[in-house]
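What follows is one structure encoded as structure tokens, with my remarks underneath.
In what follows, every heavy atom counts, from backbone to side chain, and hydrogens, waters and symmetry copies are set aside. Below, read A as the first sequence line, B as the second, and so on, with proteins coming before strands; counting in each chain starts at 1.
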2 protein chains.
Amino acid sequence: MGLHRSTAGEAMNENGRTPYDPHAFEPFAVTVDLAVFTVRESRLHVLLIRRGQDPYAGAWALPGGFILPRECAEDAARRELAEETGLSQESAAALHLEQLRTYSDPDRDPRMRVVSVGYTALVPGLPEPRGGGDAAHAQWTPVGALPELAFDHARIIADARERIRAKLEYTCLATAFCPPEFTLGELQQVYETVWGVELDRPNFRRKVLASPGFVEPVEGAPRRTGGRGKPAALYRAGTATTLHPALLRPERRSEGERSE
Amino acid sequence: MGLHRSTAGEAMNENGRTPYDPHAFEPFAVTVDLAVFTVRESRLHVLLIRRGQDPYAGAWALPGGFILPRECAEDAARRELAEETGLSQESAAALHLEQLRTYSDPDRDPRMRVVSVGYTALVPGLPEPRGGGDAAHAQWTPVGALPELAFDHARIIADARERIRAKLEYTCLATAFCPPEFTLGELQQVYETVWGVELDRPNFRRKVLASPGFVEPVEGAPRRTGGRGKPAALYRAGTATTLHPALLRPERRSEGERSE
DNA sequence: GCAAAAGTGTTTCGTCTACACCCATGA
DNA sequence: TCATGGGTGTAGACGAAACACTTTTGC
């Protein structure tokens, strides 16, 4: 970490001041930005807010905000997540939240030096969730129809999508998109939506059930109907976090595949 | 990113000042920390430096330092990497360097609020590389015999090792540990060292050669001897970055496997 | 009965594993 | 000629893909 170099060509102190005085060097603002995803109507959506303040005022942006003096980045992200989804702290604590990467381009904010820690959150397909205090400023937007975004937020969303795509293969992440109890059909929809492919249901079923700890049946359970068709058995997320064997996505398409 | 929230329960301005004044809020120092790995004598080593300054003075730590006002984190990490390995900027530019994650515990540095962006770097097994200006303050240390480390650097190293282990499976990362031209035996050693397992040579060879773009033969090449035995064909890193199919590590051991 | 969704079975095919075996070199 | 590491071949186990088929519901 910082303040521990003593070789030649010193990085700090290039303004001649000692680095031990908190106000001596040019300060950095440190924020968190959240890419909150959900699956609705077989499409991947991301939560956007409309900016009120000036740089990019009126533009869409990711929710986020400052890290407080006594907060770690994860706490700040969790706090923002609760505020922006309108959930209680307790409900938000159960959501999947993971650090993505940090964005530090010196020009990413025109006002001053702002370093932002990006987070990815996954929420179940709540019927119509909206923001906390300000009810209408947050909105689910299909990732295939993103507007122009403030700052480098388009990049953050792209990075987050790529991360999610990859992690579905070898982790149990997909259950984070599902409500506490779900059917294998719903779970499959998550995969198909995020990957943009169709999967063979019998094979999908076998692979999921063969992965120890991925899902566990809700025993003696009522069976939920999704309209027509045979009622499906319910499952809940298991205890495993990684998948063995992995659930590989089909066809190694050349690269592209950005359609949504 | 920052400065763009306008809902209730504002994060910024909790001290009543406008966030647009760079010196108005409690400043964060932002640094980079580098976990630089190499494979030497069939063991994974990490580059450590001995601290001269006071928090943890005399203790071992990861190389790192401040991000300069006009620098992004990646540039800062690359600069530190060049300084600490003693390589030129050009040589260091060819090394594998990737962002790991950001560490932001408010108490991770006793002096002040320091947020650090961790990076992982992979270097070939240079014979005896050492630091830049200060020749002896940097040292390769086997990851199986780490001393007490300053700050949260032990955690950073653990995270970095885990990342490397995972990425060997599905990326071409292993070639970053190898010199520009290498034999398949050397490449296999990288895998065996990082994973701590023995691999079947015939199968390893087949899998590597079957992964398009992983390695490409150095045509009409001289064959290098590693002492005794048949000289091996030379390869260089291919153009691919991801591996299809993946090179899965054998046996799904319960979890642990920290031995080294 | 028909459509729709859940769930089972089976055949086929490719991949990975394990291991036997040959090749080229230094001592 | 023996030890050492590079390289090839192959039989069997395993897992995945493809698809036919049955079950249970709403209309």
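Side-chain N or O atoms of B:His153 include one that pairs as donor or acceptor with a backbone N or O of B:Leu62 at under 3.5 Å. For the pair A:Thr171 (side chain) and A:Thr242 (backbone), a donor-acceptor distance under 3.5 Å is absent. Between the side chain of B:Glu169 and the main chain of B:Arg249, a donor-acceptor pair closer than 3.5 Å is present. Between the side chain of B:Gln188 and the backbone N or O of B:Leu199 there is at least one donor-acceptor pair closer than 3.5 Å.
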(request) For each nucleotide in nucleotides 10-20 of chain C, reading 5' to 3', give B when a protein heavy atom comes within less than 4.0 Å of its base, S when such contact involves only the sugar-phosphate, and - otherwise. (result) B-----SBBBB
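For B:Arg201 against D:dG6, a side-chain N or O and a base N or O form a donor-acceptor pair under 3.5 Å. In terms of polar N and O atoms assigned as donor or acceptor, the side chain of B:Arg205 never comes within less than 3.5 Å of the base of D:dG6 in a complementary pairing.
Separating the CZ atom of B:Phe204 from the P atom of D:dG5 is a distance of 16 Å, rounded to the nearest angstrom. Rounded to an integer number of Å, the gap from CG of A:Leu199 to P of D:dA16 is 13 Å. Here C:dA5 presents its C1' atom at 12 Å from CD of A:Glu186, a figure rounded to the nearest Å. The nearest whole Å value for the distance from the CG atom in B:Leu234 to the P atom in D:dG6 is 12 Å. C:dC23 atom C1' lies 17 Å from atom CZ of B:Arg228, rounded to whole Å.
The pair A:Arg155-A:Asp159 meets the salt-bridge criterion, with a side-chain N (NZ, NE, NH1 or NH2) lying under 4.0 Å from an Asp/Glu carboxylate O.
No side-chain heavy atom of B:Trp60 sits less than 4.5 Å from a side-chain heavy atom of B:Thr141.
Listed nucleotides: C:dA6, D:dT25, D:dG7. Nearest to the side chain of A:Lys230: C:dA6.
Nucleic acid contact class of A:Ala233 (heavy atoms, under 4.0 Å, all strands): sugar-phosphate only.
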